[in-house]
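I am attaching a structure below and will ask some questions about it afterwards.
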Protein chains: 2
Amino acid sequence: MNKLLSCGIVAAAGLAFSVSSACAADSDLQAIMKARGLTEKDILAAAKTYQPSGKKDDYIVFSSGGQSGQVMVYGVPSMRIYKYIGVFTPEPWQGYGYDEESKAILKSGAIRGKQITWGDTHHPALTEKNGEYVGDYLFINDKANPRIAVINLHDFETTQIVVNPIVKSEHGGSFITPNSEYVIEAAQYAAPLDNGYHSIDEYESAYRGAVTFWKFDYPKGKIDEKASFSLELPPYWQDLSDAGKGESFGWAFTNSINSEMYTGGIEKGLPPFEAGASRNDTDYLHIYNWQILEKLAQDKKNYMEINGHRVVTIDAAVKAGALFLIPEPKSPHGVDVTPDGRYIVIGGKLDTHATVYDFKKIKNLIDKKEFAGTDPYGIPVLDMAKSLQGQVELGLGPLHNSFDEKDGIIYTSLYVDSQIVKWDYKNLKVLDRINVHYNIGHLDTMEGKSSKPKGKYAIALDKLSIDRFNPVGPLHPQNHQLIDIAGSKMELLYDMPIPLGEPHDVVSIAASKLKPATTYAMGTNSRTGKESPFATLAGQERVERNGKNVTVYATMIRSHINPEHIEVNKGDNVTIHLTNLERAQDETHGFTVDLYNIHASLEPGKTATVNFVADEEGVFPYYCTEFCSALHLEMMGYLLVKDPNKKYESAKASKLKTLSPEALKAEYDKVIATNKATDEVIQSVVTYLKEKHYEKYPKVKELVTDALDQYGKIPEVKAKADEAYKKGDVNGAILWEYQVWQYMVKTADVGLRAKNNLAKEIATPMSPAAAKGEEAYLKGGCNGCHVIGQVSSGPDLTGVLLRHENGEKWVFDFIKDPAKFYGDEYIKSMIDYFNLRMPNQHMSDQEIKDIIEYLKWIDENAGM
Amino acid sequence: MNKLLSCGIVAAAGLAFSVSSACAADSDLQAIMKARGLTEKDILAAAKTYQPSGKKDDYIVFSSGGQSGQVMVYGVPSMRIYKYIGVFTPEPWQGYGYDEESKAILKSGAIRGKQITWGDTHHPALTEKNGEYVGDYLFINDKANPRIAVINLHDFETTQIVVNPIVKSEHGGSFITPNSEYVIEAAQYAAPLDNGYHSIDEYESAYRGAVTFWKFDYPKGKIDEKASFSLELPPYWQDLSDAGKGESFGWAFTNSINSEMYTGGIEKGLPPFEAGASRNDTDYLHIYNWQILEKLAQDKKNYMEINGHRVVTIDAAVKAGALFLIPEPKSPHGVDVTPDGRYIVIGGKLDTHATVYDFKKIKNLIDKKEFAGTDPYGIPVLDMAKSLQGQVELGLGPLHNSFDEKDGIIYTSLYVDSQIVKWDYKNLKVLDRINVHYNIGHLDTMEGKSSKPKGKYAIALDKLSIDRFNPVGPLHPQNHQLIDIAGSKMELLYDMPIPLGEPHDVVSIAASKLKPATTYAMGTNSRTGKESPFATLAGQERVERNGKNVTVYATMIRSHINPEHIEVNKGDNVTIHLTNLERAQDETHGFTVDLYNIHASLEPGKTATVNFVADEEGVFPYYCTEFCSALHLEMMGYLLVKDPNKKYESAKASKLKTLSPEALKAEYDKVIATNKATDEVIQSVVTYLKEKHYEKYPKVKELVTDALDQYGKIPEVKAKADEAYKKGDVNGAILWEYQVWQYMVKTADVGLRAKNNLAKEIATPMSPAAAKGEEAYLKGGCNGCHVIGQVSSGPDLTGVLLRHENGEKWVFDFIKDPAKFYGDEYIKSMIDYFNLRMPNQHMSDQEIKDIIEYLKWIDENAGM
């Protein structure tokens with residue numbers, strides 16, 4: 001059934017050569033498919049997801065890292081992970097939790113004075129404007145230790161962690177109101193809101209749920225803790241939440257499990273929570289109005305103050321018409337407001353239906369004060385049937401929803417059935433379903449929970465992978481599956497193992513909406529976004545001592561750290577401020593000192609600080625931990641820690657040979673010659689770049705700027721060399737000349753990359769004939785002996801058409817029948833030189849003609 | 001030049017319909033290529049790397065995680081990351097550093113009593129037999145804080161960390177001798193071997209390098225620290241190393257940088273290290289014989305004891321003929337012994353050549369005691385020219401090497417030129433080169449440094465990615481590029497961003513050589529591999545109190561934790577031993593308690609322990625952190641911490657409604673009915689499974705075993721329900737019946753997955769015609785209304801051929817011209833029922849015939 005490979009059919013039918021030649025790539029594909037056991041469908045899926053080198057993804061997905069406590073960033077459709085962002089768990093690569101600036105962030109996440117070094121991240125959320133995603137900030141919650149973190153998408157770094165002052169567990173965060181007014185966080189397991197002990201027997205009276213409204217100060221990019229407040233809720237276990245928008249703007253929705261208020265007790269011979277909490281056919285959807293609540297929170301009579309935080313009481317909220325309940329299907333999980341804000345869709349995970357509520361009907365009941373009753377805490381309960389748009393039977397274990405760009409279309413995950421169902425929430429009918437592998441939790445469509453979903457792809461967050469991947473031990477990766485939803489039928493495209501954590505939920509955004517920086521303004525503290533008071537420029541490096549406090553102002557640049565020696569006394573409190581002086585993107589330096597458990601990642605322009613008490617005597621190397629340049633291993637120094645109470649005897653000096661003045665002079669002459677030759681190479685590159693107007697190509701220009709920056713450092717060093725030489729210090733002069741050479745090597749490194757990029761930018765496009773020629777050249781194995789641009793086992797073919805009179809004819813004839821030429825004087829000398837004779841490759845005339853076109857193209861682009 | 005799409009050409013030539021129909025998939029591919037801007041080359045690369053759902057990779061790559069301190073595991077050719085293994089840095093998802101068993105491992109990595117919570121991992125190495133890789137254990141070093149970790153590939157967990165007792169920095173580890181006798185670790189930055197302070201002015205006399213030989217006890221899977229020893233070396237900065245094999249067996253090779261012994265001082269106005277350390281044209285390759293050295297280490301006169309560790313002196317090694325030097329090209333990086341052990345290849349990163357040493361010549365010089373001189377420390381220096389096989393000019397910045405399966409073929413990375421060069425080290429010529437993006441460090445070919453390299457793919461570990469990926473802030477991902485090396489010309493296949501850390505080196509192994517477990521024997525401590533003394537089986541759950549020590553023996557199983565309440569006094573030292581009672585693979589449970597900064601990952605069968613001092617009063621939920629089952633949110637409990645010095649008053653009990661006896665009876669009847677209905681579904685699945693002989697399909701059997709395991713828990717719970725009912729406790733009976741239902745849901749969850757898997761296993765393969773029919777069915781949009789196996793917007797088509805007399809003809813005619821049938825009684829009733837008329841889809845006769853074949857296939861497989 002391999003219809004893709006119609007070439008095979010055509011060739012079998014004995015059609016013309018030109019067609020079967022056109023089939024070369026096809027037959028390659030056929031061979032690969034056969035060898036790898038791929039179907040046509042696989043090839044189409046591969047074509048839909050593969051990203052060639054340098055091609056960018058259309059969507060960026062921010063995924064909770066689950067119990068890793070981090071956030072994961074990946075691309076769609078390639079499903080390649082671009083970054084893990086350190087959030088609640090220290091991450092040394094980023095220096096997160098290993099430098100002082102980031103330690104301050106983690107410290108702000110301490111609860112009751114306890115430093116927490118992990119998190120159970122659940123629901124990422126992006127800033128919104130009019131319900132559409134804005135790529136400025138990302139929020140993520142910690143279920144285990146109720147906290148919310150803010151990540152600045154300018155540099156993908158965590159800049160704030162706030163601790164929930166009243167709840168002891170949370171799940172329904174973080175959810176954003178449509179203009180990022182509030183970040184909403186809903187509790188999970190009910191507990192006393194104060195920090196005291198209350199017996200489980202007093203569950204109904206002393207335990208409570210809550211939602212917290214974190215006020216987001218957009219211009220500052222920070223949650224304003226003082227301006228934030230909470231709403232007291234009954235001790236149902238609040239679960240997922242969503243904010244209203246459009247006609248439901250101002251309202252928010254939080255569902256719940258265990259509205260049975262069961263308190264467990266398997267150890268006492270009682271049925272476990274799972275039995276008691278799933279007893280009722282319905283739980284409660286909480287409906288509340290944050291615009292009314294924020295006004296209530298202004299008046300002391302409406303709130304309790306618990307742990308310094310305002311908590312609007314159930315009574316006040318009920319009285320103000322700001323809090324209602326509606327029965328919702330058994331043990332629900334997802335609650336999702338439709339893009340237009342009109343409907344609210346809920347999957348009851350122990351109910352086979354999805355339930356669609358109509359906010360118009362809800363609002364109508366509220367406005368008419370038409371209630372079916374109240375719950376035990378006096379909250380008005382709306383009639384479920386009267387609030388419904390309707391219900392649709394989806395299958396076993398419906399959990400979460402995400403929306404399509406097409407109006408009325410929604411996708412729902414089925415945990416038990418391991419499926420995604422596509423259905424129509426307006427016309428209440430199922431349209432399609434697809435199997436996933438296995439046990440899907442959340443799902444996402446592109447910008448699928450914003451007011452303008454983009455459709456295109458769905459991602460299934462499968463909790464179990466079981467047999468999908470190569471085995472890596474008892475702890476399996478999760479599986480995120482990419483599904484094409486552009487057509488009428490969903491199609492599985494890609495299985496992506498999750499190497500770290502159990503991502504709970506994701507949020508996706510068009511890549512074009514993100515505009516992260518690639519470098520920092522010189523001397524930036526990345527955690528505050530402001531200039532660090534400890535920023536150190538070249539020439540400002542110094543060590544300051546104040547009693548037992550030693551402060552080092554250090555710089556890093558390809559390929560040295562300044563200073564290279566730091567000598568302190570045992571017990572000194574050592575603070576090292578580091579500034580990366582680089583301006584070129586991706587020129588990150590890392591910094592660590594042996595034993596002292598510190599690490600900083602210094603991206604270009606960043607200033608970061610490490611601190612430790614040098615409580616152990618000895619010699620401790622420090623070094624750059626990023627492979628930043630050819631000489632990165634030499635980018636190091638020594639911390640020397642002396643015991644001030646000890647007397648040290650000098651070791652006997654080893655008497656090593658020193659160089660004679662003649663040898664020194666010879667070495668000096670040699671390094672001068674080397675530097676001259678290297679400079680000539682650099683100048684030739686510079687000439688090339690200038691002639692080809694490198695400044696017209698932004699990416700190339702950036703590289704040239706970097707190269708010239710390195711080159712610009714030479715005169716100062718050269719002056720030192722000359723001065724030493726003048727003083728008769730030939731050894732010193734030699735060393736400084738080597739430093740000149742180091743700068744030249746770095747100039748050449750970046751300069752060559754610039755040249756190659758420029759050559760690519762300005763290369764003549766290949767004609768179809770030349771491209772065929774290149775292929776024939778490669779397939780013919782010509783490259784086995786002839787390497788373009790250099791002499792290998794055969795001569796360089798650059799310029800071969802010009803080396804011979806009537807070059808094209810000569811080359812054609814030679815390829816056609818090389819043996820005829822073996823007697824020819826020139827060819828004889830070549831055979832002697834290479835000790836090889838050009839073989840007859842039995843090329844067709846057309847192939848030879850194409851190769852000649854290819855050789856012409858080479859000549860046109862020679863020297864690039 | 002889009003030659004792949006010859007269908008286009010054929011179709012344009014107006015060939016027969018059957019060919020253009022065969023081109024359907026081709027035209028899809030053409031559309032995707034156009035939309036995504038893909039070339040033919042891209043499609044071939046995609047086809048070579050794409051893995052359809054469930055397909056396994058051929059090779060597994062273990063990559064150092066760089067400064068993340070972890071090990072990364074990914075697959076080739078898919079380049080998907082399967083796992084990060086926690087090694088030197090705590091990792092909460094795995095419970096690594098958050099449970100007691102793993103804390104003990106991390107604690108063993110403390111240096112001078114200091115707990116280190118990160119590492120700069122560099123060189124992973126696999127156990128070897130006869131120089132071939134064995135997938136039993138993996139070793140990885142920490143450059144920053146010299147340590148080696150052992151990872152057990154039985155479960156991909158770190159089981160040992162050993163601290164180097166003498167060196168303060170290391171780079172040239174870990175390298176394995178050919179039968180895993182020793183794990184070799186070479187120092188980097190020279191420092192005093194003792195822990196004392198020594199002035200930098202005494203560098204030559206008091207600072208030293210070293211190599212450490214860690215004895216590996218294979219049966220125990222542990223490094224034997226007592227049986228290990230080191231070799232003192234001059235204060236050159238030792239760098240990469242490799243062990244000899246074949247004819248060089250017994251020897252090992254370590255190169256060096258800064259044999260100049262330059263000591264830096266930029267802060268004092270001296271040239272920096274990078275200048276002084278790159279002064280000489282050559283550095284020193286160290287050659288030593290570990291078989292002789294291990295004998296020397298048996299006799300006190302040959303070694304110093306430093307920090308309780310034996311260090312064989314330079315003098316003893318020289319005297320015994322176990323240590324030599326050879327000049328090697330300027331500032332070298334990689335040193336690699338050829339698969340046969342005959343040659344040693346070194347890239348001098350400031351030399352444009354690769355240098356090939358011939359061990360035969362080296363051995364001959366050693367045997368003849370023909371030395372060119374000695375170094376300042378008295379070590380014999382061999383003549384470089386006399387040791388050489390030869391040199392080949394490769395380009396700028398040659399670093400590392402990896403070997404091909406073809407004899408004599410080697411691949412070398414060029415850092416400055418950003419290239420991989422393929423060359424022949426026997427005939428000393430360059431064969432091919434390919435650009436990489438950018439600044440490549442290490443590279444690897446499949447099993448490329450073993451004695452039996454497999455070739456096939458090369459991986460370029462590019463240190464800079466610059467413009468390759470979607471931007472994610474100033475800290476860029478690294479780029480691992482996959483290259484096809486099977487042909488004569490290297491071809492770039494895939495760019496893989498590295499989301500975490502800067503992987504320094506990788507080692508690859510055929511996936512078939514790894515046989516990790518998927519579950520543990522019940523009650524296993526995974527860090528020791530032995531049964532935990534704290535293993536707890538069902539029914540053994542208990543809380544033991546001993547003064548302030550409270551020990552909890554708990555179990556976890558879908559979906560409850562036993563116990564569900566733990567009550568302790570403030571200040572109690574709480575230890576919770578957790579056993580996961582599951583036997584089904586991938587059924588992992590996690591465990592945490594709010595606030596107390598602990599987390600355990602419990603894979604099936606594992607026992608792990610968390611410990612904390614309950615120093616804060618209050619109510620702290622604990623829960624399962626893995627989405628293990630539909631009711632996983634209900635898998636929780638409460639830790640209640642009471643202050644023994646406080647008097648608590650009972651809160652006023654809320655008076656909530658209780659159910660009437662009639663309502664209770666009604667609910668009881670309802671749950672009994674629900675359970676009966678659910679059981680019927682289960683029984684139908686069981687019948688299906690038995691009839692189809694599920695036991696013949698191992699994967700299905702595993703699932704059924706798990707399902708029946710869940711089902712088997714029902715009688716015990718059912719008995720409790722019945723007993724409660726008999727006693728008149730209807731409420732209790734209801735709750736236990738809900739627990740019965742929970743077990744049924746779990747049985748159904750796994751049972752349905754088993755059924756689906758079985759259906760796939762036994763489904764009739766589709767004929768080509770049926771497959772075409774399915775495609776026509778989907779393309780025609782038939783699935784918009786007809787969903788196979790269920791009634792949707794149109795009737796279920798299962799059995800449609802049987803529902804009509806002369807079914808095939810009827811269906812053909814109906815699809816061909818539905819309007820003709822609108823008056824037909826049966827069709828009229830259908831139109832009424834669905835409120836939709838079957839439209840004319842203008843299918844060709846062939847398409848309709850194919851669809852009928854598809855419908856036949858559906859009927860054959862109905863009920864699966």
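Below, read A as the first sequence line, B as the second, and so on, with proteins coming before strands; counting in each chain starts at 1. Note that the structure is a prediction, hence the values are computed from the model and not measured.
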Problem set entry | chain B interface, residue from A/Pro271, A/Pro192, A/Ala47, A/Gly618 that has the most non-hydrogen pairs under 4.5 Å |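 Heavy-atom pair counts peak at A/Pro271.
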For this session: Select one option (side chain, backbone, both, neither) describing which atoms of A/Leu752 are under 4.5 Å from chain B's heavy atoms.
Result: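 For A/Leu752, the contact with chain B is made by the side chain alone.
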Exercise. Counting distance only, does the side-chain N/O of B/Glu603 pair as donor-acceptor with the main-chain N or O of A/Leu475 below 3.5 Å?
Worked result: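 Answer holds: no.
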For this session: Check whether any side-chain heavy atom of B/Ile257 sits under 4.5 Å from a side-chain heavy atom of A/Glu634, and report yes or no.
Result: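 Answer yes - side chains close enough.
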For this session: Dump the intermediate steps for side chain to side chain donor-acceptor pair (under 3.5 Å) on B/Ser601 and A/Gln67, then the final yes or no.
Result: CA-CA 9 Å; B/Ser601 172; A/Gln67 319 86 332; over 6 Å; no
Problem set entry | Region of B/Phe620 in contact with chain A, defined by heavy-atom distances below 4.5 Å |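 Side chain only.
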Problem set entry | Close side-chain approach of B/Tyr197 to A/Val641, heavy-atom, < 4.5 Å |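 Not in contact.
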Exercise. A/Gly54, A/Gly441, A/Pro52, A/Ala277: which one forms the most heavy-atom pairs within less than 4.5 Å of chain B?
Worked result: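 Winner by heavy-atom pair count: A/Gly54.
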Problem set entry | CD-CG distance between A/Glu626 and B/Leu464, expressed to the nearest 0.5 angstrom |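 Rounded to the nearest 0.5 Å, the CD-CG separation comes out at 9.0 Å.
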For this session: Report yes if the side chains of B/Lys83 and A/Pro477 come closer than 4.5 Å at any heavy-atom pair, otherwise no.
Result: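 No. Closest side-chain heavy atoms not under 4.5 Å.
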Exercise. Hey, what do you get for OG1 (A/Thr592) to CG (B/Asp120), rounding to the nearest 0.5 Å?
Worked result: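 The OG1 atom of A/Thr592 sits 7.5 Å away from the CG atom of B/Asp120.
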Exercise. Contact part of B/Ser278 toward chain A, heavy-atom cut-off under 4.5 Å: side chain, backbone, both or neither?
Worked result: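 B/Ser278 touches chain A through backbone and side-chain heavy atoms alike.
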Exercise. Under a 4.5 Å heavy-atom cutoff, which of A/Gly66, A/Gly501, A/Gly637 has the most pairs with chain B?
Worked result: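 Top count of heavy-atom pairs under 4.5 Å with chain B: A/Gly501.
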Exercise. Are any non-hydrogen side-chain atoms of B/Asp594 and A/Tyr189 less than 4.5 angstrom apart?
Worked result: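 They are not in side-chain contact.
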Exercise. Using non-hydrogen atoms only, which part of A/His565 is less than 4.5 Å away from chain B: side chain, backbone, both, or neither?
Worked result: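 Contact with chain B involves both backbone and side-chain atoms of A/His565.
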Exercise. Are side-chain heavy atoms of B/Asp42 and A/Tyr50 found at a separation under 4.5 Å?
Worked result: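 Heavy-atom side-chain distance check passes, below 4.5 Å.
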For this session: Heavy atoms only, distances under 4.5 angstrom: which of A/Pro516, A/Pro272, A/Ser418 has the most pairs with chain B? Name it, please.
Result: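 Heavy-atom pair counts peak at A/Pro272.
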Problem set entry | Spacing of CG belonging to B/Leu29 relative to NZ belonging to A/Lys48, to within rounding of 0.5 Å |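 Result: 10.5 Å between the selected atoms.
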For this session: Taking the side chain as every heavy atom from C-beta outward, state whether A/Gln585 and B/Pro474 have any pair of such atoms under 4.5 Å apart.
Result: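 Not in contact.
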Exercise. Relative to chain B, which segment of A/Leu500 carries a heavy atom at a distance below 4.5 Å: side chain, backbone, both, or neither?
Worked result: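 Both parts, backbone and side chain.
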Exercise. With only heavy atoms counted, which part of B/Ile466 is less than 4.5 Å from chain A, the side chain, the backbone, both or neither?
Worked result: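 For B/Ile466, heavy atoms of backbone and side chain both lie under 4.5 Å from chain A.
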Exercise. Can you say whether A/Tyr648 sits under 4.5 Å from chain B via the side chain, the backbone, both, or neither, judging by heavy atoms?
Worked result: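 Just the side chain, heavy atoms under 4.5 Å.
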Problem set entry | B/Glu274 vs A/Met635 side-chain heavy atoms within contact, under 4.5 Å |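 Side-chain contact under 4.5 Å: no.
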Exercise. Do you know which of A/Tyr84, A/Tyr638, A/Trp118 has the most heavy-atom pairs under 4.5 Å to chain B?
Worked result: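 Looking at each of A/Tyr84, A/Tyr638, A/Trp118 in turn, A/Trp118 comes out on top.
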Exercise. Which region of B/Glu541, side chain (C-beta onward) or backbone (N, CA, C, O), has a non-hydrogen atom less than 4.5 Å from a non-hydrogen atom of chain A, or is it both or neither?
Worked result: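 Interface part for B/Glu541: neither.
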Exercise. Between A/His560, A/Lys114, A/Met636, A/Lys349, which shows the greatest number of heavy-atom pairs under 4.5 Å with chain B?
Worked result: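 Greatest number of close heavy-atom pairs with chain B: A/Met636.
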Exercise. Is it the backbone or the side chain of B/Gln94 that comes under 4.5 Å from a heavy atom of chain A, or both, or neither?
Worked result: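 Contact with chain A is through both the backbone and side chain of B/Gln94.
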For this session: With a 4.5 angstrom heavy-atom cut-off, could you sort out which part of A/Thr588 is near chain B: side chain, backbone, both or neither?
Result: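 Just the side chain, heavy atoms under 4.5 Å.
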Problem set entry | A/Phe273 and B/Leu631, any side-chain heavy atoms less than 4.5 Å apart |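 No; the side chains remain at least 4.5 Å from each other.
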